[in-house]
Amino acid sequence: MMNVIIDKDAGFCFGVRNSISVAEELVAKGENIKCLGQIVHNDKEVSRLRALGVEFVSFEEYKNLKNETVLLRAHGEIPETYEIAKQNNLKIIDTTCPIVSSLQKKVLCSWEELSERGGQIVIYGQKEHPEVKGLKAQAGGEAIIVNDINEIFKIDFTKDIHLFSQTTKNKKSFENIIRSIKIEADKNSVQLYSNSSICRQVVNREVSIINMAKTNDVVIFVAGKNSSNGKTLFEICKSVNEKSHYISSVDELETNWFKGIDNVVVTGSTSSPLWLLEDIKEEILRICI
Ligand code: SF4
């Protein structure tokens, strides 16, 4: 009989869990709340919250709101979001993750220091990710964003560099980027200060996922299609266990993945809800009987 387990360390990180529970509490009290952007990069969870009464608005829609209550998610916001809130009399429920807030402050401090002597802020991350947009805004919108090692040519190696990372990036890839930037910085005698800003929750999840992928025959990795953390963790999973499959919903499961298999683990990113992992486990057992 095939054994299917759920990774005991899977589920939301505390930042996302906090945003979601605040949203749930508010709608349970009958409050009419709007959330700016997707609260989590997982369509299934967003649909569940929408059904409970949480309304999601884009930044364009947000700009036109007046006298409303708006929840800010864990990823952090740009300063303009708070300015609009003041102008439009919006009540803000700010659930920015404290780790992201602290990182924003560090970027701002670095920017203030560097702008006096002509240095630059570099952020290792995805330029369209809300957290990265929030960090870039702290540097007057002038931070250089590099998403992989091939993009370090964007950096001006005649100026000092303060390097930060999006909290959900892969630690090893960040270390490789630091090494490559350092080589170029040394050649030009410019200073490189790197700030290890990858979240502990993500690093710990990497360790646990490697362990799960090594000790099970098949890994079912659950994450939203646009989850940055999901893509990073899945790459790790796949590098350890070839039989790793990335899915976002129950109907993407394929029965042939489980033929002749003894042990299966269902795991996911820091933005994958546990209830979805449970549903997937049940469906695997159903289709394999
Ligand atoms: S991954 Fe870490 S920094 Fe990002 S929201 Fe979750 S707890 Fe906060």
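As the structure lists them, so they are numbered: ligands from 1, and atoms in each ligand from 1. Predicted model only: the values in this text are computed from it and were never measured. Values below: all heavy atoms of this structure, side chains included; hydrogens, waters and symmetry mates excluded.
- Atom numbering of ligand 1 starts at 1 in the shown order; those under 4.0 Å from a heavy atom of Thr167 are 3 (S), 4 (Fe).
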| said: Determine whether Thr270 and Asn229 satisfy the following criterion, side-chain hydrogen bond (donor to acceptor under 3.5 Å, both in side chains), listing intermediate values before the conclusion. | reply: CA-CA 7 Å; Thr270 54; Asn229 173 240; 2.7 Å; yes
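- Taking every non-hydrogen atom of Ile99 and a distance limit under 4.0 Å, the qualifying atoms of ligand 1 come out as 3 (S).
- Distances below 4.0 Å separate heavy atoms of Cys13 from the following atoms of ligand 1: 1 (S), 5 (S), 6 (Fe), 7 (S).
- For ligand 1, the atoms closer than 4.0 angstrom to any heavy atom of Cys97 are 3 (S), 5 (S), 7 (S), 8 (Fe).
- Short contacts between ligand 1 and Cys199, defined as distances under 4.0 Å to a heavy atom of the residue, involve ligand atoms 1 (S), 2 (Fe), 3 (S), 7 (S).
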| task | May I have the step-by-step check of salt bridge (charged side-chain N to carboxylate O under 4.0 Å, His left out) for Lys34 and Glu61, ending in yes or no? | result | CA-CA 10 Å; Lys34 295 190 165 48; Glu61 290 165 330; over 6 Å; no
| request: Check the pair Tyr82, Asp94 against side-chain hydrogen bond (donor to acceptor under 3.5 Å, both in side chains), reporting the backbone distance first and the verdict last. | output: CA-CA 10 Å; Tyr82 298 94; Asp94 194 348; 2.8 Å; yes
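- Asp217 contributes a side-chain N or O that, together with a main-chain N or O of Asn263, makes up a donor-acceptor pair within less than 3.5 Å.
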| field | Pair Glu252-Lys225, salt bridge (charged side-chain N to carboxylate O under 4.0 Å, His left out): steps then yes or no | value | CA-CA 12 Å; Glu252 290 169 56; Lys225 295 281 179 240; 3.0 Å; yes
